[in-house]
Amino acid sequence: MTTTLDAPATVAVPTRRKPAPSKGRRTAKRLLRRVPVWIVVAILMVVVLYPQVWMVLGSFKTQSEFLSNPALSLPETWNFDNYIAALTNGNVALNYLNSIIVTIPSVLLIVFIGVAAGYALEVMIWKGRNGVLLYVLAGIMVPGQMILVPLFIVYFRMGITDTLLPLIITYTVMGLPLTTFLMATYFRSVPREIFEAATVDGSGPLRSFFVIGIPMMKNAILTVGLVQFFSVWNDLLIALTFTTRPELATIQVGLLSLSDEYGSTQYGPLFAAVSINIVVLLIVFLTLNKKIMAGMAGGALKG
């Protein structure tokens, strides 16, 4: 006789769920994960901003303070004598005016011609445009130092060496290859159907350029314009080569001459002049930072 024993019934034991972390705890963990990033950012800010802060503080020191006090010491008196000396005795105000006279026409010519060339090379269809684009790219590979002496000879024979015109011409020609290439890249990101629809509606190439091309490239134009602005404004080699008289010197050449005035470096006026130069450029960059980022991102997207 066989007896069958039933298996013991399995009793389901309810499992306890772990309580969800509170909102405060999640926030604390999220902030804790960001601490290393904040530390790295803080270190980078100190590395970048410390020299500028040290330079601005140094612009308020006297010559004796530079020679006798420690380099990291604060100025004993806060006055603007160094700034007044830099703008008057150092001719920094005249140098700034020369830089503005040179930079604004150069940047306007570079941007307008470069945008038009990029539009013609990328949007318009004509025979040989690829070869022309390669020819333009070859201009980027030519070092500017190689053509300075031949250009100086040409300008001297033309009789324009005692003016600011050689600087404007040289900056415009040297900035066009890169600007044309960048604008062609930006126009490549615009859907071709937009220009084709404008053509069907009776718009010619010139009207499409001004009505469609330029408005759609506003951020790109601003980005390229600022890149060229900083390049022209901060140039020293070209300005030093073609500037034959002190009254024609740009701000960079003026700062170079200010460091050797009276046979010794006047640190106070020099630091004041450099502070004015950098602070103005920093304000321009921070004001237009969002536009610059939008323009740089626009050329990386294919429409």
### Message
Determine whether a donor-acceptor pair (N or O, by modelled atom type, separation under 3.5 Å) exists between the side chain of S99 and the backbone of I251.
### Response
yes
### Task
Taking all non-hydrogen atoms of both residues into account, name the closest pair between E65 and L74 and its distance.
OE1-O, 4.3 Å
### Query
So, do L178 and Q228 sit near enough that their side-chain heavy atoms are less than 4.5 Å apart?
yes
### Message
Are V37 and V48 linked, directly or through intermediate hydrophobic residues, by side-chain heavy-atom contacts shorter than 4.5 Å (ILVMFWY only)?
### Response
no
### Message
Would a single hydrophobic cluster contain both F181 and F112, if residues Ile, Leu, Val, Met, Phe, Trp and Tyr are joined by side-chain heavy-atom contacts under 4.5 Å?
### Response
yes
### Query
Side-chain contact, heavy-atom cut-off 4.5 Å: L121 with L133?
yes
### Query
So K61 and N69, side-chain contact (heavy atoms from CB on, under 4.5 Å) or not? Walk me through it.
CA-CA 10 Å; K61 294 182 179 181; N69 295 347; 5.8 Å; no
### Query
Okay, side chain of R129, backbone of A120: is any donor-acceptor separation there less than 3.5 Å?
no
### Task
Just do the side-chain contact (heavy atoms from CB on, under 4.5 Å) check on V253 and L240 with the steps written out, would you?
CA-CA 6 Å; V253 179; L240 191 61; 4.0 Å; yes
### Query
Is a side-chain N or O of N98 found less than 3.5 angstrom from the main chain of A249, in a donor-acceptor match?
yes
### Message
When you measure from the side chain of S106 to the backbone of V102, do you find a donor-acceptor pair of N or O atoms at a distance under 3.5 Å?
### Response
yes
### Query
Would you say N277 and Q252 make side-chain contact, with heavy atoms under 4.5 Å?
yes
#### Entry: Sidechain-backbone polar pair: Q63 side chain, Y267 backbone, donor-acceptor under 3.5 Å
yes
### Task
Consider only side-chain heavy atoms of I, L, V, M, F, W and Y, link residues closer than 4.5 Å, and tell whether I214 and L206 are in one cluster.
yes
### With sequence neighbours excluded, residues passing salt bridge (Lys or Arg N to Asp or Glu O under 4.0 Å) with E247
R245
### Message
Tell me if the aromatic rings of F271 and F66 count as close, with their centers under 6.0 Å from one another.
### Response
yes
### Task
Kindly assign one of parallel, tilted or perpendicular to the pair F187 and Y119, based on the angle between their ring planes and the thresholds 30° and 60°.
perpendicular
#### Entry: Beyond-backbone contact of W233 with I100, side-chain heavy atoms, under 4.5 angstrom
yes
#### Entry: Among T161, T170, T241, the one residue meeting side-chain hydrogen bond (donor to acceptor under 3.5 Å, both in side chains) with Y155
T170
### Task
Evaluate side-chain contact (heavy atoms from CB on, under 4.5 Å) for S275 paired with Y83, printing each intermediate quantity in order.
CA-CA 9 Å; S275 299; Y83 288 90; 3.9 Å; yes
### Message
For R192, give me all partners under salt bridge (Lys or Arg N to Asp or Glu O under 4.0 Å), at least two apart in sequence or on another chain.
### Response
E122
### Query
Relative to each other, are the rings of F80 and F60 parallel, tilted or perpendicular (30° and 60° limits)?
perpendicular
### Task
Return the minimal non-hydrogen interatomic distance between G175 and I110, and the atom names on each side.
O-CG2, 3.8 Å
## Note on the structure
Connected to L44, directly or through other members, by ILVMFWY side-chain contacts below 4.5 Å are V40
### Message
Do N130 and Y135 make a side-chain contact, defined as non-hydrogen atoms from C-beta onward lying under 4.5 Å apart?
### Response
no
### Closest non-hydrogen atom pair, T243 against L167
OG1-CD1, 4.1 Å
### Query
Linking I/L/V/M/F/W/Y whenever their side-chain heavy atoms sit closer than 4.5 Å, directly or via other members, would I153 and F242 fall into one cluster?
no
### Message
So V224 and M217, do their side chains get closer than 4.5 Å, heavy atoms only?
### Response
no
### Single-linkage hydrophobic cluster V200~F209, side-chain heavy atoms < 4.5 angstrom
no
### Task
Find out whether T62 and S64 are in side-chain contact, i.e. whether some heavy atom of one side chain is under 4.5 Å from a heavy atom of the other.
yes
### Task
Answer yes if the side chains of Y186 and T223 hold a donor-acceptor pair under 3.5 Å, and no otherwise.
no
